[in-house]
Each structure stands twice: as C-alpha cells, then as structure tokens.
Amino acid sequence: MIPVNPDRFLQDLHTLRGFGAAGLGKGVVRPAFSEADIAARKWLAARFAEAGLTPHFDPVGNLFGLAEGPSLLMGSHSDSQPEGGWLDGALGVIAALEVARAARDSGGPPVSVVSFQDEEGRFGVTTGSAIWSGTLPLAEADALVDHAGIGFAAERAKLADLAGDFVDPGRFTGFLELHIEQGPTLDSTGGQIGVVTDIVGIRDMRITFDGQQNHAGTTPMHLRRDAFQALAAFTAEINAHFSGVVTPATVWTIGHVALHPNASSIVAGRAVFSMQWRDGSAERLDRMEEIIRTVASEVADARDLSLSFGPMLGLQPVAMDRRLFAALEEGARQVAPGRWQILPSGALHDSTNLSNLMPVAMLFVPSIGGISHAFAEDTAEDDLVAGLRVLAHAVPRLSG
C-alpha cells in the first residue's frame, strides 16, 4: 500500500472547495471557465508542481500533472454544476494528487493526475475529455455554445496563454477515477465502497416546437398553434410510448425549457427543451431515440407546428477493464471488509471517453442521502479517506 497522508488529502480537498464556495453547507459554484474555475486550475497546477509533477494545460483547459515516463493516469474534473457540491469531480482529482505525491515520496510507481475541463456539460457532454479522447473533434467543439449563447472557442481562449499541445495518451497505461456515487445505493445499505462494473450510456439533444405567437385573450383554443401545449403533450405521450421498451433502470429527463416570448398574455410561439435519456444498453438507447423522434413528429403534426432537432450528443455504455477492476476490488476487501459492493454507474463520467484510449476503472464512495448536483452534497470524511486508501492499495498492483 502506498503510504498516503489522509490529513493532507482532506486539507487539499477543503482548500479546493474555497474556489467558488457558495450557499449553505459545502456548496460550490465553479462552472467551466468561470473565474473560480480558472483560479482553481491555477492553484491545482501549483500543487502538481509541488508534488514533483509537471503541470500542463492543453488547448481546451484540461490540466495534467505529468509524471516522468509511462505512468498510470488518475483524476476526474474540478468544474462544477451551476449550483453544485464540493466533491463531484474534485474528490477524484485531489485523491489522485495525494496518491501521486505519496507514491513519488515513497519510491512507488509513477502516477500522473488530470483535471478534465467542462465535465459538467456547460457546452456539451464531458467536453474536455471528449475532445482529448477524439470523441469530439475540436472544430465541432469550438462551434458549441452554452445556454447563454457564449461560445466554447471564446471561453477556452481565456487559458490560451497557459496552453500547450494535447498530451499524448500513449504515455498512460490506464485510468482510475474515484468519485462520489451521486445516488442512494451505498448510503442506504451502509456500504463504504462501491467498485463500478460499468457506466451507462447517455443521449442528449435539444428539441424545438415552433407554432404561432398570438393574443392569449382573443385566440380560440381550437385555433391555437401553442408550442407549450405541444411540449405538455409530448411529455405525457413519451412515457406511454416508452412502456415495454425501457427497464426499471432506464431514466429520461426533460429539462431546460425555454418558452418564447414567455409572457402570461401571449400564446407561446416557440418551446425549446432538452431531452436526455440513459441506459446500459446501446440498442435500447437507439430505440428510445426512434420513439422520441416519432412522438415529437406526431405531436407537431397534430397541432400544425414545425419541429426541429439539435445535434445528438452522447456516449456509449462502457464496461470497466477487468484487470483494473480486480485491483480495486482487492483494495476494497482490504480497506472495507464487509462494507463494499459492486454496482453500475448511472451517472456519466470522464472514464467513458477515456475507455476509447486505455483501460479504465472507477470507484465510488457514498453520497449522504444520495444527494449530488446540489449544495447539500456531502460524504463522511471517513468514507472519503477509505476511497483514498483503496486507490493506495490498488495502484502498486497495477505497476509493471
């Protein structure tokens, strides 16, 4: 086992939380390329250097702490949701830093660290790691805009003076990512460690209904081309059409609804909304897309509306590498006997993209109350340290 320092690890984790700390409890507001995000990345770069790693920003803001020669890569992301918690992503980065630092100090195997940019999807789906892995071409990424109309190309230019070339993924032997579960399984069962078997796939696209903006007091109901009524009908009908296709583990979400002109006395002329769905089967994801497009088309036709779809974003389901999984499994046995289990990840992670480049595996610690993507997100410090110790057990088994 690599002799990690839990106190140093926790201190770094709390210090990182200070960049964008907000709300009650341990909330964080640190979206990609915000002032808080950039300040946090510069602080991380300094910590990487102090740990004997070479800090390296790539053209899209991914920050690496590079060990010399071939190495295992560990990490996650340090950006947050618009209203997020202190551990989502940050835990994996700081745990990786502590393992890398302790390994170097004790003569252990070389470990490199990474904090990927925009995992939380301000511009897309796991943007930074998607670009680095080749899943998303840089030219396509530069054309992406956030919900405020700000472009990715303009935002990544904020770090242009620090940016070097893309890091060659061939220098890494594999990738490990420690993360909070972001769900209730471990917390509700008293588990301390979850060794991930696979990560579900995800699809995400924007749908637009265009109708006729008109006076809300004088336009008869049967003559309205109401875009919001179309959205309401789509929401009800999609659930019925999914019946018989989905499983209890399948999830789908309609979010980020924007109505135009969004006024109480005007029939909505346009409704734009996001549609996201997740499942462990690529075939089921594809079948759900067919149903979504069909139902949206039927709803639009029935109300004499125009329909358009934005670009399809998403990632395929990914199974964890067996060798890396076995090393984490053995570490879990040593650190949390009787309090660990295997489980799938219903949330999306950078590991999905990295599976295109190298073997990957993931480890979970509990989320109190199953809460994440909220200021109330938290994990007991004993559980955080347990996750760190599992990594410290696993890494030496993966050297050579």
Side-chain angles (χ1 to χ4, degrees), residues 31-33 37-38 40-42 44-45 48 53-67 69-80 88-90 92-93 96-97 100 110-144 146 151-179 199 201-202 204 311 313-316 318 320-321 324 347-362:
F33 299 110
D37 173 60
I38 293 173
R41 288 177 186 277
K42 290 180 178 178
L44 280 169
F48 291 173
L53 304 170
T54 301
H56 180 92
F57 286 92
D58 74 10
V60 297
N62 297 322
L63 170 61
F64 291 82
L66 300 172
S71 64
L72 183 69
L73 181 64
M74 298 172 58
S76 189
H77 63 96
S78 54
D79 64 305
S80 82
D88 181 358
V93 175
L97 169 60
V111 175
S112 294
V113 184
V114 65
S115 173
F116 286 110
Q117 181 59 291
D118 194 29
E119 190 274 352
E120 296 291 7
R122 176 183 171 189
F123 292 97
V125 178
T126 59
T127 313
S129 60
I131 296 168
W132 186 61
S133 67
T135 304
L136 175 64
L138 181 56
E140 291 184 18
D142 277 342
L144 295 172
D146 68 7
F152 179 77
E155 288 294 88
R156 73 180 181 92
K158 292 178 178 179
L159 290 168
D161 60 328
L162 299 175
D165 295 332
F166 285 106
V167 174
D168 179 6
R171 66 185 293 156
F172 305 120
T173 58
F175 180 65
L176 293 180
E177 183 173 9
L178 172 62
H179 210 281
I199 304 172
I202 184 173
D204 193 304
L313 304 173
L315 295 168
Q316 294 290 81
V318 171
M320 300 293 96
D321 176 77
L324 272 60
L348 190 64
H349 300 285
D350 290 308
S351 290
T352 299
N353 291 317
L354 268 67
S355 68
N356 295 322
L357 303 173
M358 63 190 75
V360 303
M362 288 195 70

Asks: Looking only at non-hydrogen atoms, find the nearest pair between Met320 and Met362 and report the distance.
Replies: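 So the minimum-distance heavy-atom pair works out to SD-N, 3.5 Å.
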Asks: What's the shortest heavy-atom distance between Val125 and Gly314, and which atoms?
Replies: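 For Val125 and Gly314, the tightest heavy-atom pair comes out as CG2-N, 4.4 Å.
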Asks: Can you check whether Val360's main-chain N or O pairs, donor with acceptor, with Ser355's side chain at less than 3.5 Å?
Replies: no
Asks: What are the two closest non-hydrogen atoms of Ile199 and Ser351, and how far apart are they?
Replies: CD1-CB, 3.8 Å
Asks: What residues, two or more places apart in sequence or in another chain, satisfy side-chain contact (heavy atoms from CB on, under 4.5 Å) together with Asn356?
Replies: Ser133, Thr135
Asks: I'd like to know whether His77 forms a side-chain contact (heavy atoms from CB on, under 4.5 Å) with Asp88, so could you lay out the CA-CA distance, the side-chain angles of the two residues, the decisive distance to 0.1 Å, and finally the verdict.
Replies: CA-CA 8 Å; His77 63 96; Asp88 181 358; 3.3 Å; yes
Asks: Show the nearest heavy-atom pair for residues Pro59 and Ala163, with the distance to one decimal.
Replies: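 That would be CA-CB, 4.0 Å.
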Asks: Excluding sequence neighbours, so at least two apart, what forms side-chain contact (heavy atoms from CB on, under 4.5 Å) with Ala45?
Replies: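 Listed in chain order: Pro55, Phe57, Leu63.
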Asks: Answer yes if the side chains of Gln117 and Arg41 hold a donor-acceptor pair under 3.5 Å, and no otherwise.
Replies: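 Yes, a side-chain donor-acceptor pair sits under 3.5 Å.
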Asks: Output all residues satisfying ring pair (Phe, Tyr, Trp, His ring centres under 6.0 Å) with Phe33, sequence neighbours left out; order by chain, then residue number.
Replies: Phe152
Asks: Which atoms form the tightest heavy-atom contact between Ser112 and Ala67, and what is the distance?
Replies: OG-N, 2.9 Å
Asks: How long is the gap from CG on Asp37 to OG on Ser80, to the nearest 0.5 Å?
Replies: 8.0 Å
Asks: Does anything in residues 161-176 form a salt bridge (charged side-chain N to carboxylate O under 4.0 Å, His left out)? List the pairs, not counting sequence neighbours.
Replies: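 Counting only pairs at least two positions apart or across chains, no salt bridge (charged side-chain N to carboxylate O under 4.0 Å, His left out) contact touches residues 161-176.
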Asks: Are side-chain heavy atoms of Leu348 and Ile202 found at a separation under 4.5 Å?
Replies: yes
Asks: Return each pair, listed once, that meets side-chain hydrogen bond (donor to acceptor under 3.5 Å, both in side chains) where at least one residue sits in residues 123-132; pairs must be two or more places apart or across chains.
Replies: Asp118-Thr127, Thr126-Asn353, Ser129-Asp350, Ser129-Asn353
Asks: At what distance, to the nearest 0.5 angstrom, does CG of Leu144 lie from CZ of Phe123?
Replies: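 Those atoms lie 8.0 Å apart.
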Asks: Which atom names give the shortest non-hydrogen contact between Phe175 and Leu72, and what distance separates them?
Replies: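 Heavy atoms of Phe175 and Leu72 come nearest at N-CD1, 4.2 Å.
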Asks: Tell me whether Ser76 contacts the main-chain N or O of Glu177 through its side chain, where contact means a donor paired with an acceptor under 3.5 Å.
Replies: no
Asks: Measure the shortest side-chain to side-chain distance between Phe64 and Thr54 over non-hydrogen atoms and say whether it is less than 4.5 angstrom.
Replies: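 Of all side-chain heavy-atom pairs linking Thr54 with Phe64, none is under 4.5 Å.
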Asks: Please round to the nearest 0.5 Å and tell me the distance separating atom CG of Leu97 and atom CG of Leu44.
Replies: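 Reported value, rounded in 0.5 Å steps: 7.5 Å.
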Asks: In terms of side-chain heavy atoms, does His56 have a donor or acceptor partner in Asn62 at a distance below 3.5 Å?
Replies: no
Asks: Output the distance between atom OG1 (Thr173) and atom CG (Leu73), rounded to the nearest 0.5 Å.
Replies: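 Nearest 0.5 Å value for the OG1-CG distance: 8.5 Å.
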Asks: Nearest 0.5 angstrom please: Leu315 CG to His349 NE2, how far?
Replies: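 Taking CG in Leu315 and NE2 in His349, the distance rounds to 11.5 Å.
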Asks: Are Asp79 and Arg122 close enough for a salt bridge, meaning some N to O gap below 4.0 Å?
Replies: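 Result for this pair is no, no salt bridge flagged.
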Asks: Please list, chain by chain and in numerical order, all residues satisfying side-chain hydrogen bond (donor to acceptor under 3.5 Å, both in side chains) with Glu140, sequence neighbours excluded.
Replies: none
